[in-house]
Amino acid sequence: MTELGFDPAAPLTASGNLRRRRAFSRIAELGATAAAFFAVGVLAIVIYSVAARGAGALSFEFLVTGAPTGIAPALVGTGLIVGVATAIAMPLGVLTALFLTEFAGERMIRLSKLTLDLINGLPSIIIGLFVFGLLVDHHKQSGFAGSVALAIIMLPLVARGTQEVLLLVPGNLREGADALGVSRWRTVLTVILPSALGGILTATVLAVARAAGETAPLILVSSVFDGKEVLFKMSEAMPNVPVRIFQLSEEGNPEGIAQAWGMSLVLITIILLASVGARAMHARSRRKMSS
Amino acid sequence: MSAPISTTGPPQVAGRARPGERRKQFDRAADGLLFGVCALAALLGVVLMLVIAYQVVHGAAPAISAFGLGFLFETTWQPNFGVFGAGSMLLGTIVSSFVALAIGAPIAISIGLYLSLLAPAGVRGMIGPLVEMLAAIPSVILGFWGILILAPFVQGTLEPWLHDTLGFIPIFGAPETTGASVFTASLILTIMIVPIIASISRDLFLAVPRDVQDGASALGATRWEVIRGVVLPSTSSGVVAASLLGLGRALGEAIAVTQVIGAGAAINASLFKTGDTLASRIASQFPGAITEMHKASLFYLGVILLVIGLISNLAAQWIGRRFDYRRMATK
């Protein structure tokens with residue numbers, strides 16, 4: 001019996017080393033769980049503080065009048081700047097993605113992806129400096145310059161997002177069109193783009209959500225404005241929400257701070273709704289594609 | 001799921017071209033046009049990157065020729081006297097970003113582990129999007145929140161506590177009277193980079209083959225040992241790449257840092273003093289810069305930032321690509 005080296009009659013419970021290993025594993029799991037809930041907690045705290053402090057400033061008048069009582073000029077300005085930026089970035093991004101999936105060779109794909117990723121990784125203040133040098137220096141600040149800066153930020157997001165969905169378009173759709181003798185451009189316009197439309201819109205909305213809150217480039221190219229009335233001229237510096245929040249937070253007078261909380265609430269609501277909506281759309285179109 | 005995509009165009013249909021010669025010509029022209037427009041758009045992206053680099057260097061040219069490389073080590077920045085140097089900002093950028101990475105990377109990787117391996121399916125579907133939502137909060141709002149809510153807490157509670165318990169280390173000096181400090185900036189940057197690193201590393205962990213993990217479990221490994229022995233080693237380069245991407249984001253953040261770092265000029269050992277970073281100096285001084293040299297010097301800061309940013313991004317790409325190869329080899 002002794003040559004077994006252990007007591008076969010002993011109960012099968014963890015002891016010594018194994019118990020230590022299990023306990024350590026448990027602690028590690030708890031740590032990871034805590035980290036996840038901590039991040040969600042931070043999100044909750046940020047959103048709660050913005051909502052609690054911003055709600056007081058919010059009113060119909062706040063949304064539709066000019067300074068000093070309201071933020072309509074900044075809202076309209078942000079809408080216009082982002083709108084024009086989308087009008088620039090979306091076609092360019094979709095065309096780039098089409099080129100990458102439909103036409104380009106291996107080497108061009110790699111080069112183009114690399115540059116898109118590099119542009120995406122550029123600090124937004126660098127893009128601000130670039131647009132300042134290109135359009136503002138020796139001229140003047142303008143809403144249009146702001147649009148160009150935001151378009152550069154949006155371009156890689158739209159292009160990479162679109163490319164991803166274009167790759168999901170089933171190959172047999174393409175082959176079917178080819179087999180019918182349909183020319184390439186007709187296939188692209190009538191088969192490929194329509195079936196990827198949901199994904200393209202998702203990518204665009206996500207890019208809009210990102211661009212709407214960008215402040216750094218706009219500080220350099222569209223920040224000198226008085227914000228009293230609603231402007232529709234893209235050739236002038238346009239009031240906009242992010243820059244206004246930044247200016248008010250730097251000035252630090254109590255009324256301005258209250259207004260900045262209100263603007264933050266409006267901006268954060270728009271952005272979070274857009275990104276939640278885009279994600280829901282994304283999930284739906286993915287399901288449709290893969291079924 | 002998707003078949004390989006042909007890149008050579010539709011097969012040429014021989015003979016029996018019913019639709020007529022004109023339509024065929026039209027199709028050919030339209031095909032060419034589509035190709036041309038797409039190629040132009042793609043090329044524009046490539047050219048854009050070069051033009052951005054050129055423009056920033058061009059704007060900095062007067063400062064580059066006036067100060068040379070010594071600009072990097074010169075620590076005085078006095079626009080009124082025409083003396084400019086990036087030394088203190090360069091240091092501030094590196095310190096604030098690395099502190100953010102040191103706090104953020106472990107948290108983010110833990111979140112990635114939780115979301116990919118530990119969380120029950122229902123919880124995963126809820127917490128994942130919430131963590132990503134953190135990345136959607138605009139930096140200006142995060143900075144505004146930082147200076148009004150986070151900074152008082154940091155100055156009143158966190159910094160005194162750290163100073164009392166770890167004060168013998170010089171980086172935990174005595175707290176200042178306001179909460180604006182390099183440390184507060186690092187915390188804000190941490191909040192920004194955690195969702196980025198977390199979502200990339202979650203995807204990496206999800207890609208680790210299930211059977212390898214089950215094999216380790218079958219050999220008696222605990223969950224932590226599976227993570228430590230199988231999951232982390234096989235994804236390590238990807239995780240490093242994700243951290244580098246997060247670092248790149250932290251290095252270049254301008255607005256939120258400007259709001260909470262306090263724009264200090266001096267170099268301090270303590271994290272609890274004010275400081276400044278390259279990006280935040282550009283954001284705070286550019287609108288008010290009057291002299292050409294002041295502007296050019298701010299552009300010079302931009303050049304440094306551009307170089308650091310490109311290096312960290314390229315490094316992330318390179319390491320990430322190596323990971324791809326390794327994963328392909330194991331398949």
Side-chain angles (χ1 to χ4, degrees), chain A residues 21-22 24-25 28-29 31-33 35-36 39-40 42-43 46 49-50 92 95-96 98-99 101 103 111-112 115-119 121-123 125-126 129-130 133-134 167-168 170-171 178 181 183-185 188 209 213 215-216 219-220 223 242 245-246 249 260 264 267-268 271-272 275 279, chain B residues 2-3 5 9-11 13 27 30-31 34-35 37-39 41-42 44-46 48-49 52 55-56 59 107 110-111 113-114 118 127 129-131 133-134 136-138 140-141 144-145 147 149 191 194 222-224 248 252 254-255 259 279 282-283 286-287 299 302 305-306 309-310 313 317:
Chain A
R21 283 165 55 204
R22 274 204 190 142
F24 192 81
S25 181
E29 277 174 44
T33 312
V40 174
V42 170
L43 176 75
V46 172
S49 15
V50 172
L92 281 178
L95 286 174
T96 305
L98 272 178
F99 183 74
T101 50
F103 300 109
L111 176 67
S112 190
T115 42
L116 286 175
D117 287 346
L118 287 182
I119 293 176
L122 277 182
I125 190 99
I126 296 284
L129 282 176
F130 163 66
L134 193 72
L167 288 176
L168 285 179
D178 283 355
S183 62
R184 178 51 62 98
W185 72 277
V188 167
T215 320
I219 282 195
L220 306 193
S223 62
I245 296 174
F246 179 70
S249 92
S264 301
L267 185 61
I268 223 172
I271 287 175
L272 290 187
S275 64
R279 264 168 228 294
Chain B
S2 63
I5 295 143
V13 186
D27 274 352
D31 276 353
L34 182 68
F35 174 79
V37 173
C38 290
L44 185 76
V46 177
L48 190 61
M49 185 62 235
I52 290 173
Q55 188 78 51
V56 175
I107 296 179
S110 306
I111 295 175
L113 286 172
Y114 178 74
L118 303 175
I127 291 191
L130 284 176
V131 172
M133 214 182 257
L134 205 51
I137 295 177
V140 69
I141 293 180
F144 183 54
W145 173 83
I147 196 64
I149 314 272
I191 297 178
V194 159
T222 62
R223 232 167 185 183
W224 164 249
I255 294 301
Q259 285 164 296
I282 301 174
F286 204 92
F299 263 101
L305 194 58
L306 183 68
L310 286 182
N313 263 291
Q317 300 261 342

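Just so it is clear, the structure is predicted and the values come from calculations on it, not from any experiment. Per chain, numbering begins at 1; letters A, B, ... match sequence-line order. Both backbone and side-chain heavy atoms feed into the values below; hydrogens, waters and symmetry mates do not.
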Shortest non-hydrogen separation from A:Leu92 to B:Ala41 and the atoms involved | O-CB, 3.8 Å
So what's closer than 4.5 Å to chain B heavy atoms on A:Leu116: side chain, backbone, both or neither?
-> neither
Most heavy-atom pairs under 4.5 Å with chain B, out of A:Gly121, A:Ala28, A:Ser264, A:Gly213, belong to A:Ser264
Can you check whether B:Ile255 reaches A:Phe246 side chain to side chain, under 4.5 Å on heavy atoms?
-> yes
Minimum heavy-atom distance between A:Leu134 and B:Gln55, given as atom pair plus value | CD1-OE1, 3.7 Å
Check whether A:Val50 gets within reach of chain B through its side chain, its backbone, both or neither, counting any heavy atom under 4.5 Å.
-> side chain
Considering only heavy atoms, which portion of B:Ala283 lies under 4.5 Å from any heavy atom of chain A: side chain, backbone, both, or neither?
-> both
For the residue pair A:Phe103 and B:Phe35, does the interplanar ring angle fall in the parallel (under 30°), tilted (30 to 60°) or perpendicular (over 60°) class?
-> perpendicular
Heavy atoms of A:Phe99 and B:Ala42 approach each other most closely as CD2-CB, 3.3 Å
Largest heavy-atom contact set with chain A, pairs under 4.5 Å, which of B:Val140, B:Leu310, B:Asn313 = B:Val140
Closest non-hydrogen atoms of A:Leu272 and B:Ala136, given as atom of the first, atom of the second and distance, are CD2-CB, 4.2 Å
Closest approach of A:Ser112 and B:Val46, non-hydrogen atoms and distance?
-> CA-CG2, 4.4 Å
From A:Ser49 OG over to B:Phe144 CZ, what is the distance, rounded to the nearest 0.5 angstrom?
-> 10.5 Å
Proximity breakdown for B:Leu130 and chain A, heavy-atom pairs closer than 4.5 Å = both
Tell me, side chain or backbone of B:Val56 under 4.5 Å from chain A's heavy atoms, or both, or neither?
-> side chain
Which of the residues B:Ile137, B:Leu113, B:Val194 is involved in the greatest number of heavy-atom pairs with chain A at under 4.5 angstrom?
-> B:Ile137
Pair B:Leu305-A:Ile126, side-chain contact (heavy atoms from CB on, under 4.5 Å): steps then yes or no = CA-CA 8 Å; B:Leu305 194 58; A:Ile126 296 284; 4.0 Å; yes
Region of A:Arg21 that comes under 4.5 Å of a non-hydrogen atom in chain B | both
Pair count under 4.5 Å, heavy atoms only, with chain B: among A:Val188, A:Ile245, A:Thr33, highest is A:Thr33
Show your reasoning for whether side-chain contact (heavy atoms from CB on, under 4.5 Å) applies to A:Leu98 and B:Val37.
-> CA-CA 10 Å; A:Leu98 272 178; B:Val37 173; over 6 Å; no
Rounded to the nearest 0.5 Å, what's the gap from CZ on A:Arg184 to CG on B:Asp27? Could you check?
-> 12.5 Å
Test item: B:Pro287 and A:Ile219 side chains (from C-beta on) under 4.5 Å apart, heavy atoms = yes
Specify the closest pair of heavy atoms between A:Glu29 and B:Leu118, including all atoms of both residues, with the distance to one decimal.
-> CG-CD2, 3.7 Å
Give the member of B:Leu306, B:Leu134, B:Val131 that has the highest number of heavy-atom pairs under 4.5 Å with chain A.
-> B:Leu134
Straight-line distance of B:Ile127 CD1 to A:Leu43 CG, nearest 0.5 Å | 11.0 Å
Contact origin within A:Ile271 toward chain B - heavy atom pairs under 4.5 Å = side chain
Which region of A:Ser275, side chain (C-beta onward) or backbone (N, CA, C, O), has a non-hydrogen atom less than 4.5 Å from a non-hydrogen atom of chain B, or is it both or neither?
-> side chain
Can you tell me how far the CD1 atom of B:Ile52 sits from the CG atom of A:Leu122, to the nearest 0.5 Å?
-> 5.5 Å
Region of B:Leu44 in contact with chain A, defined by heavy-atom distances below 4.5 Å | side chain
Side chain, backbone, both or neither: which part of B:Ile191 has a heavy atom under 4.5 Å from chain A?
-> side chain
Name the region of B:Gln317, side chain, backbone, both or neither, that has any atom closer than 4.5 Å to a heavy atom of chain A.
-> side chain
If one checks every heavy atom of B:Ile149 against chain A at 4.5 Å, the contacting part turns out to be side chain
Taken to the nearest 0.5 Å, the spacing of A:Leu118 CG from B:Met49 CE works out to 5.5 Å
